[in-house]
Amino acid sequence: MRAIVTGAGGQVGRELVELLVARDRRDDVIVAADHATMDLADRDAVLGTICSVEPEVVFHVGAFTAVDRCESEADHAYAVNALGTRHVADACRRVGAHLVYVSTDYVFDGTKATPYHEWDSPNPQSVYGRSKLGGEAACGPEATIVRTSWVCGRYGPNMVRTVLRAAANPGTMHFVHDQIGHPTFADDLAGMLLRLGIDRRPGIFHVTNAGAVSWFEFVQAILEAAGDDPARVLPISTAELDPPRPAPRPANSVLDNTALRLSGLEPLDHFRVPLARLVSYLQAP
Ligand SMILES: NC(=O)c1ccc[n+]([C@@H]2O[C@H](COP(=O)([O-])OP(=O)(O)OC[C@H]3O[C@@H](n4cnc5c(N)ncnc54)[C@H](OP(=O)(O)O)[C@@H]3O)[C@@H](O)[C@H]2O)c1
């Protein structure tokens with residue numbers, strides 16, 4: 001396989017590059033395109049890189065993911081997430097590469113009473129969500145679009161790392177109980193991105209680990225996995241956050257993996273399985 005991974009320095013990108021390299025296939029060419037190598041907002045850089053490598057698959061993982069900063073840096077968010085994805089899709093069409101684009105639960109407004117499936121109408125409430133939806137629109141009908149949520153992994157800042165660091169100090173912590181979602185672990189997600197990319201499956205897929213929880217309940221689970229006392233976390237409401245976050249979060253982020261299930265593809269594990277794996281990795285001396 002000849003493949004390019006965009007955003008190769010991020011938490012999902014690094015896992016995916018490691019997974020691709022670990023396959024150790026003799027003829028594989030894996031190009032890890034991080035921010036410094038290929039700025040997604042730079043059309044010449046994107047077309048130049050992809051057209052010279054001539055990959056079979058482009059795993060487009062890179063994005064401007066600072067959700068709150070997107071509110072005040074909207075032009076930059078659209079330049080990277082929406083227009084940048086248009087550049088990637090354009091290059092893929094020129095070389096006949098299959099595009100796998102990673103999108104987000106933030107394309108939904110979070111008001112639905114039940115989990116979101118792939119055929120629900122998006123209605124993003126934040127600049128980040130709107131810019132990522134703009135990326136989806138740029139992909140074209142043949143691309144694979146993978147929406148995921150609440151990503152944690154070995155690399156980069158995420159909730160598991162934050163909680164383990166906070167738990168090293170005495171005292172209680174507060175997390176919101178009125179936002180629910182599916183925690184997703186970068187290594188499991190990378191495996192499914194690879195699978196869908198190899199299969200060249202077109203269309204939208206929700207890909208998350210199983211088990212819907214609030215952030216408060218997720219932090220309880222992290223503390224339990226770390227052998228700590230889950231009573232150290234207390235629930236608060238989003239309205240009680242001080243200061244309030246600039247970008248609105250969907251109250252219901254739960255993505256039902258309907259398309260995977262109906263396609264007969266094995267769903268990812270319950271989140272407690274990769275959570276235990278990640279906590280023991282992070283706690284290892
Ligand atoms: N994290 C989540 O909870 C979550 C949830 C749903 C969907 N997603 C989506 O999943 C994908 C992977 O997220 P992640 O958690 O791995 O995020 P991440 O750790 O922030 O990785 C994103 C990578 O993209 C790079 N990037 C940013 N601007 C760029 C630009 N202009 N040109 C090239 N690269 C650029 C970043 O590099 P720098 O850091 O050097 O700028 C970073 O390495 C993203 O598409 C994101 O939208 C994430």
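Note that ligands are numbered from 1 as they come in the structure, with each ligand's atoms numbered from 1 the same way. Computed from heavy atoms alone, side chains included, the values below leave out hydrogens, waters and symmetry copies.
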Heavy-atom pairs closer than 4.0 Å: do any link ligand 1 to the side chain of W150, the backbone, both, or neither?
backbone
Less than 4.0 Å between atom 43 (O) of ligand 1 and some protein heavy atom, yes or no?
yes
How far is atom 22 (C) of ligand 1 from its nearest protein heavy atom, and which residue and atom is that?
A63 O, 3.7 Å
Side chains of T208 and N257: donor-acceptor distance under 3.5 Å anywhere?
yes
Would you please say whether a donor-acceptor pair under 3.5 Å links the side chains of D187 and Y281?
no
With backbone taken as N, CA, C and O and side chain as the heavy atoms from C-beta onward, which portion of S103 lies under 4.0 Å from ligand 1: side chain, backbone, both, or neither?
backbone
Hey, which atoms in ligand 1 end up nearer than 4.0 Å to a heavy atom of V102?
9 (C), 10 (O), 11 (C), 45 (O)
Going by the order shown, which atoms of ligand 1 are within less than 4.0 Å of some heavy atom of G62?
24 (O)
Atoms of ligand 1 close to K132 [distance to a heavy atom under 4.0 angstrom, numbered from 1]
44 (C), 45 (O), 46 (C), 47 (O)
Would the number of heavy atoms belonging to other residues, nucleotides or ligands and lying under 6.0 Å from CZ of R86 be above 12?
no
Heteroatom proximity flag, D39 to ligand 1, N/O under 3.5 Å
yes
Taking non-hydrogen atoms only, is R147 closer than 4.0 angstrom to ligand 1 via side chain, backbone, both or neither?
neither
Check this for me: does any side-chain nitrogen of one of D256 and R261 sit under 4.0 Å from a carboxylate oxygen of the other?
yes
Is any side-chain N of the basic residue among R147 and E118 closer than 4.0 Å to the acidic one's carboxylate O?
no
With no hydrogens and no angle check, is any side-chain donor or acceptor of N209 less than 3.5 Å from a backbone partner on D269?
yes
Which of the numbered atoms in ligand 1 are under 4.0 angstrom from any heavy atom belonging to L40?
30 (C), 31 (N), 32 (N), 33 (C), 34 (N)
Check Y101 against ligand 1 and report side chain, backbone, both or neither, counting heavy atoms closer than 4.0 Å.
neither
Contact region, T148 to ligand 1, non-hydrogen atoms below 4.0 Å, reads both
Under 4.0 Å from a heavy atom of M38: which atoms of ligand 1 are those, numbered in the order shown and with their elements?
32 (N), 33 (C)
Whether over 12 other heavy atoms sit under 6.0 Å from D75 CG:
no
Between R249 and D178, does any NZ, NE, NH1 or NH2 come within less than 4.0 Å of an OD or OE carboxylate oxygen?
no
Any N/O of V61 closer than 3.5 Å to an N/O of ligand 1?
yes
